[in-house]
Visitor: 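Attaching a single structure in structure tokens format; questions to follow.
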Amino acid sequence: MDEVIEWTPKARAVLAAAEELFYAHGIHAVGVDLIAERAGVTKKTLYDRFGSKERLVVEYLRERDSRWRAFLAPLLDAAGDDPAARLRAVFDASARWAARYSGNGCSMINAHAEINDPAHPAYRVIVDQKAWMLELFTTIATAAGAADPRSSARTLMLLHEGALVTDGMHGFERPYAHARDAAARVLGAA
């Protein structure tokens, strides 16, 4: 992830408005006029701080990812070195995060539905966030002694991503718990 940027109060207001609007309505459906209005700034201020809507999308997704990692870190720390506990922590953290911040599903998955062009600057943020999650699952699978940690990590990732999508679509109750239990079986930790 890139370095942490210290935003001015007006830039923070723009980011907060962009997050609320992009997440609720979609990136393409929301214009900078509405974001500026919601943030209580002029369109000029928005462009002075971010330069373009593309950069605002990038920063919105970076902020979401940064907050997710900060949310997850203490739960992983509390789980200690036990791979089964760390695995449970990821799925349980995702359930808590979704209940608090993501009633419409994963912001990265939602953004990817609109931004699938590798040339778009936000594409790299989306892909990097998912690569980070795969690496986390690989680390957990390796620590668990999986015969093929990369393959196990991919299965864990598929279970996690499936839970994110199912939760966002309100497919059935408690998808994270269901996926967590299946993930534990993958690692032989059930």
Side-chain angles (χ1 to χ4, degrees), residues 1 19-20 22-29 57-58 60-79 82-118 120 122-190:
M1 228 171 79
E19 177 174 359
E20 175 189 344
F22 288 156
Y23 187 73
H25 304 290
I27 292 167
H28 293 319
V57 171
V58 167
Y60 148 65
L61 292 171
R62 281 185 180 155
E63 285 285 310
R64 275 294 272 212
D65 183 35
S66 178
R67 283 192 7 248
W68 161 244
R69 292 182 195 204
F71 184 87
L72 178 59
L75 299 169
L76 286 172
D77 289 345
D82 176 39
R86 291 178 68 76
L87 183 64
R88 281 190 305 275
V90 174
F91 283 90
D92 292 346
S94 294
R96 286 189 217 161
W97 174 271
R100 188 177 298 170
Y101 303 113
S102 295
N104 293 334
C106 174
S107 56
M108 296 297 166
I109 292 171
N110 295 348
H112 187 264
E114 296 188 67
I115 301 168
N116 56 16
D117 178 1
H120 192 290
Y123 184 83
R124 182 85 266 151
V125 178
I126 297 164
V127 170
D128 287 350
Q129 195 279 333
K130 296 304 179 183
W132 183 82
M133 289 298 297
L134 181 59
E135 181 59 33
L136 174 61
F137 287 125
T138 302
T139 300
I140 291 169
T142 300
D148 185 349
R150 284 182 42 144
S151 179
S152 294
R154 289 175 178 166
T155 302
L156 299 174
M157 181 79 167
L158 289 171
L159 289 165
H160 187 260
E161 295 300 301
L164 293 171
V165 171
T166 300
D167 185 61
M169 294 176 64
H170 312 288
F172 55 84
E173 290 186 18
R174 304 183 69 234
Y176 297 103
H178 185 81
R180 179 197 62 217
D181 295 346
R185 288 190 295 277
V186 168
L187 290 188

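In this text, all values refer to a predicted model and were calculated from it rather than measured experimentally.
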Visitor: What pairs with Thr142 under side chain to side chain contact (heavy atoms under 4.5 Å, CB included), at least two apart in sequence or on another chain?
Guide: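 Counting only residues at least two positions away or on another chain, Thr142 forms a side chain to side chain contact (heavy atoms under 4.5 Å, CB included) with Thr138, Pro149.
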Visitor: Do Leu156 and Val90 have side chains that get closer than 4.5 Å, going by heavy atoms?
Guide: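 When only atoms from C-beta onward are counted, Val90 and Leu156 do not touch, as no gap falls below 4.5 Å.
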Visitor: What heavy-atom pair brings Ala163 and Ala179 nearest, and what distance separates the two atoms?
Guide: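 Between these two residues, the closest heavy atoms are CB-CB, 3.8 Å.
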Visitor: Looking at every heavy atom in both Ala70 and Pro74, which two are closest together, and how far apart are they?
Guide: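 Between these two residues, the closest heavy atoms are O-CD, 3.0 Å.
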Visitor: Rounded to the nearest 0.5 Å, what's the gap from CD on Glu161 to SG on Cys106? Could you check?
Guide: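 Glu161 CD to Cys106 SG: 6.0 Å, rounded to 0.5 Å.
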Visitor: Would you be so kind as to tabulate the donor-acceptor pairs closer than 3.5 Å made by side chains of residues 164-178, with sequence neighbours excluded?
Guide:
| from | atom 1 | to | atom 2 | distance (Å) |
| --- | --- | --- | --- | --- |
| Thr166 | OG1 | Gly162 | O | 2.8 |
| His170 | ND1 | Asp167 | O | 3.4 |
| His170 | NE2 | Gly103 | O | 3.4 |

Visitor: Taking only residues two or more places apart in sequence or in another chain, which ones pass side chain to side chain contact (heavy atoms under 4.5 Å, CB included) with His28?
Guide: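 Applying side chain to side chain contact (heavy atoms under 4.5 Å, CB included) to His28 gives Glu114.
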Visitor: Testing the basics here: between Asp117 and Tyr123, what is the closest heavy-atom pair and its distance to 0.1 Å?
Guide: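 Shortest heavy-atom contact: O-CB, 3.4 Å.
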Visitor: Should Arg154 and Leu134 be marked as a side-chain contact (heavy atoms from CB on, under 4.5 Å) after you check the CA-CA gap, both sets of side-chain angles, and the distance that decides it?
Guide: CA-CA 7 Å; Arg154 289 175 178 166; Leu134 181 59; 4.2 Å; yes
Visitor: At what distance, to the nearest 0.5 angstrom, does CG of Leu75 lie from CH2 of Trp97?
Guide: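 The CG atom of Leu75 sits 11.5 Å away from the CH2 atom of Trp97.
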Visitor: Give a yes or no on whether the backbone of Glu20 and the side-chain of Tyr60 come within a donor-acceptor separation of less than 3.5 Å.
Guide: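 Pair absent, no side-chain N/O of Tyr60 close to backbone of Glu20.
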Visitor: Going by the rule side chain to side chain contact (heavy atoms under 4.5 Å, CB included), which residues pair with Ala122 if we only count those two or more places apart in sequence or in a different chain?
Guide: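 So Ala122 forms a side chain to side chain contact (heavy atoms under 4.5 Å, CB included) with Val57, Val58, Leu61, Ile115, His120.
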Visitor: Quick one: do Asp92 and Arg96 make a salt bridge, cutoff under 4.0 Å?
Guide: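 No, no charged N to carboxylate O under 4.0 Å.
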Visitor: With heavy-atom distances below 4.5 Å as the criterion, would you say the side chains of Arg67 and Tyr101 are in contact?
Guide: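 SC-SC contact between Arg67 and Tyr101 confirmed.
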Visitor: To the nearest 0.5 Å, tell me how far Asp65 CG sits from Asp128 CG.
Guide: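 With rounding to 0.5 Å, CG (Asp65) is 8.5 Å from CG (Asp128).
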Visitor: Looking only at heavy atoms, which two atoms of Ala111 and Ile27 are closest? And how far apart?
Guide: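 Answer, listing the atom of Ala111 first, then Ile27: CB-CD1, 3.8 Å.
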Visitor: Going by the rule side-chain hydrogen bond (donor to acceptor under 3.5 Å, both in side chains), which residues pair with Arg64 if we only count those two or more places apart in sequence or in a different chain?
Guide: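 Arg64 satisfies side-chain hydrogen bond (donor to acceptor under 3.5 Å, both in side chains) with Glu19, Ser102, Ser107 once adjacent residues are dropped.
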Visitor: Show every ring pair (Phe, Tyr, Trp, His ring centres under 6.0 Å) that has at least one partner inside residues 141-168, sequence neighbours left out.
Guide: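 The answer is Phe91-His160, Phe137-His160.
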Visitor: I want to check something: taking the side chain as every heavy atom from C-beta on, are Val186 and Leu87 in contact at a cut-off of under 4.5 Å?
Guide: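 No, every pair of side-chain atoms sits at 4.5 Å or beyond.
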Visitor: What's the shortest heavy-atom distance between Ala144 and Leu187, and which atoms?
Guide: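 Shortest heavy-atom contact: CB-CD1, 4.0 Å.
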Visitor: Which heavy atom in Tyr23 sits nearest to a heavy atom in Asn110, and how many Å separate them?
Guide: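 Reported closest heavy-atom pair: CE1-ND2, 3.9 Å.
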Visitor: Nearest 0.5 angstrom please: Arg150 CZ to Thr155 OG1, how far?
Guide: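 Rounded to the nearest 0.5 Å, the CZ-OG1 separation comes to 12.5 Å.
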Visitor: Would you check, one step at a time, whether the test side-chain contact (heavy atoms from CB on, under 4.5 Å) holds for Phe71 with Arg100?
Guide: CA-CA 11 Å; Phe71 184 87; Arg100 188 177 298 170; 3.6 Å; yes
